[in-house]
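To keep things clear, I will list the structure first and then write my remarks on it.
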Amino acid sequence: MRPLQTATAILAMCGLFTGCAVTTPEMSKTDIINRIALDREAMYKNQELVNAPITLKEAMARAIKYNLENRVKLMESALALRQSELITYDMLPRLVANAGYDNRDNVNGSSSANVITGEQSLVPSTSQDQERHNSDLTLSWNILDFGVSYFQAKQQADRAHIMKERQRKVVHIIIQQTRQAYWLALGAQQLEGRFEPLLKDVENALADIDRIEQGNLRPPLATLNYRKSLLETMRQLEEFRDQLAQAKPRLATLMNLPPGQPYVIAEPTSQIIPEMNLSLDTMEIRALTMRPELIEADYNERISINETRKTLARMLPGIEFNVGSHYDSNSFLVNNSWVEGGVRMTWNLMTLLSGPARYSVTKTQTEITKYQRLVLSAAIITQVHLSYSDFFSRKRQYELSKQLQDINTRIYEQIKNQAQSGSQNHLNEIRSASDCLMTTYQKSQSYASLQNAYEKIRVTLGYDPLPETLPNHDIKTLSEAIGARLYTSFNAEPFVMEPLVIKDSLEKTQANGEQSTQSVTKE
């Protein structure tokens, strides 16, 4: 076997056996433990320390900056933007450089024969060296590929906008969750230490019941009812205490604080009662203009339209221009280097058969996208009305819970004074103290629900908690920007589009639709 053929066979066998022998090791426990340690370090890395009581605006700032879900959406948005920039390079011409080396173990010779007689007309000859080098640099540009790449670049740019809107939506949800969790955690902090003394009183009362029951000092039925009342009170107290214990960890999770890290919530000087001064008409227009889901639907419609244009472009013939510089070291050539150019048209005629069907599919997809936006718009208008009604309902419930808490506090003071004078038994005092504590807890819950309902309106309208640009992204700057828009800007911010103008256009559209329907009916 000749040397070149032997080398080729050896390389082929080595490649075959190497491909069959590729395996990967299993993950060891050491690798998993190391991965856990790195993940735990990365989750809380480069975060500003908590050195003071956390206010609401700081809690929101920490949730926006450090929440892991928001970080993922930010990275996805940045990736989509880079992909849109990368895909624009597909519109450029192709510049291909080739270089090669050829070697034969014998001469590439040939002879010719007379077609009629079959006799050899020329002696064997060659026009190619056994060893030669070649290279070329070719520039080609296909107009059809450029058109398709142009529409793909526009689609990818719209997808980058979609990722930005989805990141806006994540911020809205995080802010809403943080507002509710903050006020729940503040209520839990204010009630810390008030459950344990009352539970201790219940336990002492149960111990007294045990002694009374053992000594038969009271009728059995009265003793059992007394014990039942105490146990029900204990169950309610422990249930509310356990609920309060979960409030601060939930807020810590939203701010991405390490589990178990102690922190203090700043006590506000007064409870702000949110106000709603916008009309439902204005709220509807704002929601239809600013909601991230509807803006995403607009981008999806543009993507569908460009998909239709791509389908039409693929049905056209492709015209390709190419020009290139070539070099060949073959000594038999008269010119070892030359420049070559040309124009070529290619047309896949099968696209004329499948093209109409593809166009019909993309056109239908565009129509579906439009109707999906209409369905989403109707759902958003419904959300506006529901959130508006829920806000005033929560506000009324908070006012009632506040009055109820004040009454129970006054009742407890009366019963406590009577119990000290001996005119009330200890069970009534425990019940009254429990009721007072429960209504205090329910008032904090109602206030958190009111704040959540207010933030739900902001989310429903697509209101952004931060301005578009900030000089810095540290916690202090974010907190100040959020604090400036927590309550005042929401109601006072001007809005360019007037609801009456929209109503007039809608009425004209409906009137035109009715006229066209009547004309069709007459025909």
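Computed over heavy atoms, backbone and side chain alike; hydrogens, waters and symmetry mates excluded.
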- Lys476 with Glu48: basic N within carboxylate O range, under 4.0 Å: no
- Item | Residues, nucleotides or ligands: over 12 heavy atoms within 6.0 Å of Lys164 NZ | no
- Would you say Met350 has more than 12 foreign heavy atoms packed within less than 6.0 Å of its CE? no
- Quiz item: cation-pi between Lys443 and Tyr398, 6.0 Å / 45°: no
- Would you indicate whether Arg373, at its atom CZ, is surrounded by more than 12 heavy atoms from other residues, nucleotides or ligands within a distance under 6.0 Å? yes
- Item | Among Arg179, Arg394, Arg485, salt bridge (charged side-chain N to carboxylate O under 4.0 Å, His left out) partner for Glu455 | Arg179
- Query: Between Ser279 and Thr282, do the side chains contain an N or O donor and an N or O acceptor separated by less than 3.5 Å?
  - Reply: yes
- Where do Pro465 and Val171 come nearest, in terms of heavy atoms and distance? CG-CG1, 3.8 Å
- Please answer whether the main-chain N or O of Arg309 pairs with a side-chain N or O of Arg314 as donor and acceptor at a distance below 3.5 Å. no
- Is the backbone of Leu466 close enough, under 3.5 Å, to the side chain of Asp464 for a donor and an acceptor to pair up by distance? no
- Item | Side-chain H-bond candidate by donor/acceptor type, Ser393 with Asp390, under 3.5 Å | no
- Query: What residues form a salt bridge (charged side-chain N to carboxylate O under 4.0 Å, His left out) with Asp474, not counting sequence neighbours?
  - Reply: none
- Query: Where is the tightest heavy-atom contact between Phe146 and Met91, given as atom of each residue plus distance?
  - Reply: CD1-O, 3.4 Å
- Message: Looking at every non-hydrogen atom in both residues, tell me the closest pair between Ile162 and Ile303 and how far apart they are.
- Response: CD1-CD1, 3.8 Å
- Item | Side chain Trp141, main chain Ile319, donor-acceptor under 3.5 Å | no
- Task: Decide if atom CE of Met75 counts as having more than 12 heavy atoms of other residues, nucleotides or ligands within a radius under 6.0 Å.
- Result: no
- Task: Inspect the contact between Glu399 and Lys402 and indicate whether a charged nitrogen and a carboxylate oxygen are less than 4.0 angstrom apart.
- Result: no
- Message: Looking at Pro356, is its backbone amide N or carbonyl O close enough to the side chain of Ser360 to form a donor-acceptor pair, meaning the two atoms are under 3.5 Å apart?
- Response: no
- side-chain contact (heavy atoms from CB on, under 4.5 Å) assessment of Met276 paired with Tyr388: CA-CA 9 Å; Met276 182 55 53; Tyr388 185 82; 3.9 Å; yes
- For Arg250, what residues pass the salt bridge (charged side-chain N to carboxylate O under 4.0 Å, His left out) criterion, not counting sequence neighbours? none
- Task: Give a yes-or-no answer on whether the side chains of Tyr441 and Gln243 include a donor-acceptor pair shorter than 3.5 Å.
- Result: yes
- Item | Glu284-His385 side chain donor-acceptor pair, cut-off 3.5 Å | yes
- Query: Just wondering, are more than 12 heavy atoms of other shown residues or ligands nearer than 6.0 Å to NZ in Lys169?
  - Reply: yes
- Query: Looking at Lys154 and Asp158, does any basic side-chain N land under 4.0 Å from a carboxylate oxygen?
  - Reply: no
- Task: Output, in order, the C-alpha distance, side-chain angles, deciding distance and verdict of salt bridge (charged side-chain N to carboxylate O under 4.0 Å, His left out) for Arg159 and Glu76.
- Result: CA-CA 11 Å; Arg159 292 188 182 98; Glu76 289 178 352; over 6 Å; no
- Message: Applying side-chain contact (heavy atoms from CB on, under 4.5 Å) to Val50 and Arg62, what does each step give before you reach the verdict?
- Response: CA-CA 10 Å; Val50 179; Arg62 288 183 174 274; 3.7 Å; yes
- In sequence, state the C-alpha distance, the side-chain angles, and the governing distance for Lys370 and Glu301, and then conclude on side-chain contact (heavy atoms from CB on, under 4.5 Å). CA-CA 7 Å; Lys370 290 181 180 179; Glu301 183 178 353; 3.0 Å; yes
- Short side-chain to backbone donor-acceptor contact, Ser389 and Leu386, under 3.5 Å: no
- Message: Working to the nearest 0.5 angstrom, can you tell me the gap between Leu294 CG and Ser377 OG?
- Response: 4.5 Å
- Say you draw a straight line from CD1 of Ile265 to CG of Leu251; how long is it, rounded to the nearest 0.5 Å? 5.5 Å
- Okay, side chain of Arg291, backbone of Thr460: is any donor-acceptor separation there less than 3.5 Å? yes
- Item | Partner of Leu254 under side chain to side chain contact (heavy atoms under 4.5 Å, CB included), chosen from Glu69, Gln177, Met60 | Gln177
- Shortest non-hydrogen contact between Ile273 and Tyr447, atoms and distance: CD1-CE1, 4.0 Å
- What are the two closest heavy atoms between Ala61 and Leu478, and how far apart are they? CB-CB, 3.6 Å
- Query: Does the pair Arg344/Glu320 count as a salt bridge with the N-to-O cut at 4.0 Å?
  - Reply: no
- Is it true that a side-chain atom of Thr369 and a backbone atom of Gln365 form a donor plus acceptor pair closer than 3.5 Å? yes
- What do you reckon, is OH of Tyr263 surrounded by more than 12 foreign heavy atoms closer than 6.0 Å? yes
- Item | Donor-acceptor contact below 3.5 Å, side chain Gln155 vs main chain Asn300 | no
- Determine, stepwise, if the pair Arg235 / Glu239 fulfils side-chain contact (heavy atoms from CB on, under 4.5 Å). CA-CA 6 Å; Arg235 179 183 60 81; Glu239 180 181 352; 3.7 Å; yes
- Query: Looking at Thr362 and Tyr359, what are the two nearest heavy atoms and their distance?
  - Reply: OG1-O, 2.8 Å
- Message: I'd like to know if Arg168 pairs up with Glu165 as an ion pair, taking the criterion as any Lys NZ or Arg NE/NH1/NH2 lying under 4.0 Å from an Asp or Glu carboxylate oxygen.
- Response: yes
- Query: Salt-bridged, Glu58 to Lys65, with N to O below 4.0 Å?
  - Reply: no
- Query: Do the side chain of Asn256 and the main chain of Tyr66 share a donor and acceptor less than 3.5 angstrom apart?
  - Reply: yes
- Message: Check whether Asn34 reaches the backbone of Thr30 with its side chain - one donor and one acceptor, N or O, closer than 3.5 Å.
- Response: yes
- What residues form a salt bridge (charged side-chain N to carboxylate O under 4.0 Å, His left out) with Arg194, not counting sequence neighbours? none
- Do we see a donor-acceptor contact under 3.5 Å between the side chains of Tyr371 and Glu367? no
